[in-house]
Amino acid sequence: MADPARFTDRLASGTFAALMAAARLLPYPRRIAAAGWVMAHLIAPVAGWRRRIRANLALARPDLRPDDIHRLTRAVPDNAGRSLAEIYSGEEFTTRIRDSAILQGPGLSSLEQAADQGRPVILACAHFGNYDAMRAALAARDWPVGALYRPMNNQAFNEHYVPAINAIAQPLFPRSRAGMGAMLRFLRGGGMLALGFDQYTYDAPELRFFGLSTRTVLTPAELALKYDALLIPIAGVRQDDGLSFRIQIGAPIPHNTPPEMMQALNDDLEQLVRQHMDQWFWIHRRWK
């Protein structure tokens, strides 16, 4: 007897893949804009994203006006839709990043020096803008940038998602025993490893984000201490045209205790999010 859950996964995956294939028939600028519109106006309301965005904003930004909240319930899913379409655009996306992305920020010189010296780097990234723009921009400089990823629960979706993110930059390390081992060897060898830190993790300590208590993983700081790696906040900030990016490279976080280092990353991210409220993934259950 067929597994209904597996059938549902394959149906959802196939539908998404078909939508991305149809989108690729459009010229790149129209494709990215169309994917954003579909996510914001068709998918987000059905998925309950608007309701969750409002709930998170009520916690973190109770000072916002109703019209700002209304705008963000559309703009946040729009950015998510654009990011997915960019990931599935392959070489068109990476070529645009290589030709136009601007790398800047107080940590750029430290990152360049680490690349020259072969010193390990932890790139602390969040679900902000398009985090794969950062990988594409660093890889375009021939820097060794890798990333840890969590395989999707929907295995059928993984079958096309993993090749799509692999096409942007390699290596990628799945969150598994073998993947973690390969990741640590890469880091010890002087690699730049992108690690996320902005999702709620049940067994992590409580830190602060937007003045609210939330559990924050310590792994980026712990690895930086163990392997004498730079810990650098980094983000791909979407520009006003909706298509291009500025790669913002923060100053290295001083080595201290892991909670203090991760709190510094939370503070850095909060400052960035306050400047670009529509680019952080307010759909996450960041606070429990």
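The figures that follow rest on heavy atoms only: side chains count, while hydrogens, waters and symmetry mates do not.
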R238 side chain vs D278 backbone, donor-acceptor pair below 3.5 Å: no

Atom CD of Q117 with >12 non-hydrogen neighbours under 6.0 angstrom: yes

Pair E86 + R31, salt bridge at N-O below 4.0 Å: no

All side-chain contact (heavy atoms from CB on, under 4.5 Å) counterparts of Q104, not counting sequence neighbours: I102, R246, Q248

Between D267 and Q263, a side-chain donor and acceptor under 3.5 Å: yes

Whether Y161 and Y88 hold their rings parallel, tilted or perpendicular, with breakpoints at 30° and 60°: tilted

Residues D78, R74: salt bridge by 4.0 Å N-O rule: no

Between F128 and W282, ring centroids under 6.0 Å: no

Non-neighbouring partners of D142 that pass side chain to side chain donor-acceptor pair (under 3.5 Å), sequence neighbours left out: none

F173 and F186 aromatic ring geometry - parallel, tilted or perpendicular at 30°/60° bounds: tilted

Basic-acidic side-chain contact under 4.0 Å: E222, K226: no

Trace of the side chain to side chain donor-acceptor pair (under 3.5 Å) decision for R286 with T216: CA-CA 9 Å; R286 188 65 181 100; T216 302; 3.0 Å; yes

N79-W280 side chain donor-acceptor pair, cut-off 3.5 Å: no

Side-chain donor-acceptor pair present, R215, T201, cut-off under 3.5 Å: no

Donor-acceptor pair between S244 and Q239 side chains, under 3.5 angstrom: no

F210 and W287 aromatic ring geometry - parallel, tilted or perpendicular at 30°/60° bounds: perpendicular

CA sep, side-chain torsions, deciding dist, call: S109, E112, side chain to side chain donor-acceptor pair (under 3.5 Å): CA-CA 5 Å; S109 60; E112 290 173 332; 5.9 Å; no

